[in-house]
Number of protein chains: 2
Amino acid sequence: MAKKVKTNKRQVILEEAAKLFKAKGFSGTSMRDLGSQVGMEAASMYNHISSKDDILESICFHVSNTYISQLREIEQLPVSYVDKLKALIQLHVRLMIEDGAAVSVANNDWKYLSDDKLQQFKEARKAYEKGFAELIEQGIAAGEFQPMNVSVALFTILSAVRWVELWYRPGRGISAEELEENIMTILLNGLAK
Amino acid sequence: MAKKVKTNKRQVILEEAAKLFKAKGFSGTSMRDLGSQVGMEAASMYNHISSKDDILESICFHVSNTYISQLREIEQLPVSYVDKLKALIQLHVRLMIEDGAAVSVANNDWKYLSDDKLQQFKEARKAYEKGFAELIEQGIAAGEFQPMNVSVALFTILSAVRWVELWYRPGRGISAEELEENIMTILLNGLAK
DNA sequence: GTCTATAGATCGATAGAC
DNA sequence: GTCTATCGATCTATAGAC
């Protein structure tokens with residue numbers, strides 16, 4: 001017997017919630033808003049999720065887990081630091097394009113996580129930033145990058161890829177590949193001639 | 001008779017509101033929260049402001065007006081395009097450091113502006129981006145910048161300075177000047193050796 | 001101009017019928 | 001598992017005493 005392809009209703013709720021949270025913020029989105037987007041009464045959703053906080057947690061940790069596991073893979077690649085940095089920039093641009101709403105929520109609404117989950121999320125983010133920073137540090141030590149303040153470099157890179165969330169639309173006349181290339185060129189080679 | 005130095009209570013409300021909106025978002029901040037921060041009952045603040053939306057509008061348009069008027073000045077300077085770009089990056093870093101809470105609100109909570117004000121704000125932002133983009137375009141035409149996608153360059157620059165809002169603390173062991181220099185170097189010359 | 005009290009709307013979440 | 005109905009809390013804003 002073929003396994004039933006389960007269109008998990010919880011998953012639908014999480015996806016619509018990410019879109020609404022991105023558009024109106026976690027606090028600005030009511031369970032009634034979300035219900036009408038999902039096609040359900042607010043009360044009915046509680047058969048699939050346990051609370052509004054539950055939704056936020058699922059979205060945020062799904063994103064942070066994805067980033068961290070991908071970083072671990074990139075760290076192990078037998079390539080130059082320049083290529084590792086390129087791979088990371090590519091990762092950010094692609095996650096932003098493929099799962100932009102969830103990434104946006106993890107970037108902007110994580111602060112509404114309840115106490116212990118907030119702590120967990122901050123630690124996950126710190127771990128990610130630490131791994132990323134080490135990669136930059138090693139790249140400088142290896143002579144592949146200019147000597148510079150590692151924190152400034154790290155956050156400049158992380159921020160430079162974040163605007164994709166606010167700006168990118170499929171019909172904008174630029175493909176994901178072109179976008180990655182342009183951003184990488186600016187970050188690696190600079191704007192000046 | 002000396003003119004009374006007016007410690008405008010409205011101004012205090014706006015400043016505390018910017019801090020709270022930055023920390024908890026516009027929707028996540030209640031008038032009671034704000035009142036207790038200001039040292040007043042929520043109801044009493046309505047003698048100084050007309051609504052919660054009024055507060056948000058004042059903050060957002062104060063910021064957008066500042067950016068636009070400064071851009072107009074920089075446009076008129078008799079210097080190279082590289083120096084104009086440097087002046088703009090400096091402007092962003094300094095406004096972020098000096099008035100970070102308000103800038104943060106204008107960056108993140110403008111979407112809660114009510115209909116007509118939202119329209120106005122979007123137009124102001126578009127005007128700013130247009131002026132900034134033209135500066136990049138002219139710099140490319142003058143041979144000072146690498147030929148590249150102007151929109152990508154614009155938003156990479158704008159984003160690269162935004163993280164300062166999330167990261168900068170006076171005691172972080174880096175001055176505003178060092179910060180500006182580091183960011184300018186990365187954006188103009190790139191990370192690669 | 002600040003307060004207490006509260007109107008009126010809306011919030012997250014639950015109870016219980018079906 | 002979805003609905004209607006509603007609880008109790010909290011929201012913005014106003015009324016009116018002082």
Side-chain angles (χ1 to χ4, degrees), chain A residues 4-61 105 108-118, chain B residues 4-61 105 108-118:
Chain A
K4 173 86 181 301
V5 177
K6 207 170 152 197
T7 306
N8 202 332
K9 219 160 257 181
R10 179 182 167 91
Q11 197 55 38
V12 174
I13 291 171
L14 294 180
E15 284 165 14
E16 294 302 321
K19 288 186 213 165
L20 281 180
F21 292 172
K22 174 177 177 179
K24 316 203 292 174
F26 176 74
S27 304
T29 302
S30 71
M31 292 300 288
R32 289 169 178 83
D33 286 339
L34 179 53
S36 84
Q37 202 67 34
V38 172
M40 234 182 207
E41 290 304 311
S44 305
M45 290 189 293
Y46 286 85
N47 284 304
H48 306 284
I49 51 103
S50 65
S51 68
K52 195 184 176 191
D53 284 331
D54 174 29
I55 298 174
L56 181 63
E57 287 164 21
S58 288
I59 295 171
C60 288
F61 285 101
V105 172
N108 299 301
D109 289 344
W110 57 269
K111 58 188 163 198
Y112 302 112
L113 287 167
S114 51
D115 292 347
D116 58 328
K117 296 293 175 180
L118 179 62
Chain B
K4 172 87 182 301
V5 176
K6 206 171 151 199
T7 305
N8 201 331
K9 220 161 257 182
R10 178 183 168 91
Q11 197 55 39
V12 174
I13 292 171
L14 293 181
E15 284 166 14
E16 294 302 321
K19 289 186 212 164
L20 281 180
F21 291 172
K22 175 180 177 179
K24 316 202 292 173
F26 176 74
S27 304
T29 302
S30 71
M31 293 300 287
R32 289 173 179 86
D33 286 341
L34 179 54
S36 84
Q37 202 66 34
V38 172
M40 232 182 206
E41 289 305 310
S44 304
M45 291 189 293
Y46 285 86
N47 283 304
H48 306 284
I49 52 104
S50 66
S51 67
K52 194 185 175 189
D53 284 331
D54 174 30
I55 298 174
L56 181 64
E57 286 164 20
S58 289
I59 295 171
C60 287
F61 286 101
V105 171
N108 299 301
D109 288 345
W110 56 269
K111 57 189 163 196
Y112 302 111
L113 287 167
S114 51
D115 292 347
D116 60 328
K117 296 292 176 180
L118 179 63

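A note on names: the letters A, B, ... follow the listed sequences, proteins ahead of strands, and every chain is numbered from 1.
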In short, side chain to side chain donor-acceptor pair (under 3.5 Å) pairs touching residues 32-43 of chain B with sequence neighbours left out are B:K24-B:D33, B:S30-B:D33

Taken in chain and number order and not counting sequence neighbours, the residues that satisfy ring pair (Phe, Tyr, Trp, His ring centres under 6.0 Å) with A:F26 are A:F21, A:Y112

When rounded to whole Å, the OH to C1' distance for the pair B:Y112 and D:dT12 reads 17 Å

For A:D54, the salt bridge (Lys or Arg N to Asp or Glu O under 4.0 Å) test, sequence neighbours excluded, returns A:R10

To the nearest angstrom, the CD-P distance between A:E41 and D:dC3 comes to 5 Å

From CG of B:D54 across to P of D:dT14 the rounded distance in Å is 12 Å

Salt bridge (Lys or Arg N to Asp or Glu O under 4.0 Å) filter on A:E57, not counting sequence neighbours, yields none

Atom pairs under 3.5 Å: protein N/O with N/O of nucleotides 12-18 of chain C:
unit_1	atom_1	unit_2	atom_2	d
C:dG12	OP1	A:T29	O	3.3
C:dG12	OP1	A:K52	NZ	2.8
C:dG12	OP2	A:M31	N	2.7
C:dG12	N7	A:R32	NH1	3.1
C:dG12	O6	A:R32	NH2	3.1
C:dA13	OP2	A:Y46	OH	2.7
C:dA13	OP2	A:K52	N	2.8
C:dA13	O5'	A:Y46	OH	3.4

Salt bridge (Lys or Arg N to Asp or Glu O under 4.0 Å) filter on B:K19, not counting sequence neighbours, yields B:E16

B:H48 NE2 to D:dT14 P, in whole Å, measures 15 Å

Here the distance between atom P of D:dA15 and atom CE of B:M45, to the nearest Å, is 18 Å

Is there side-chain contact between B:L34 and B:I55, with heavy atoms separated by less than 4.5 Å? yes

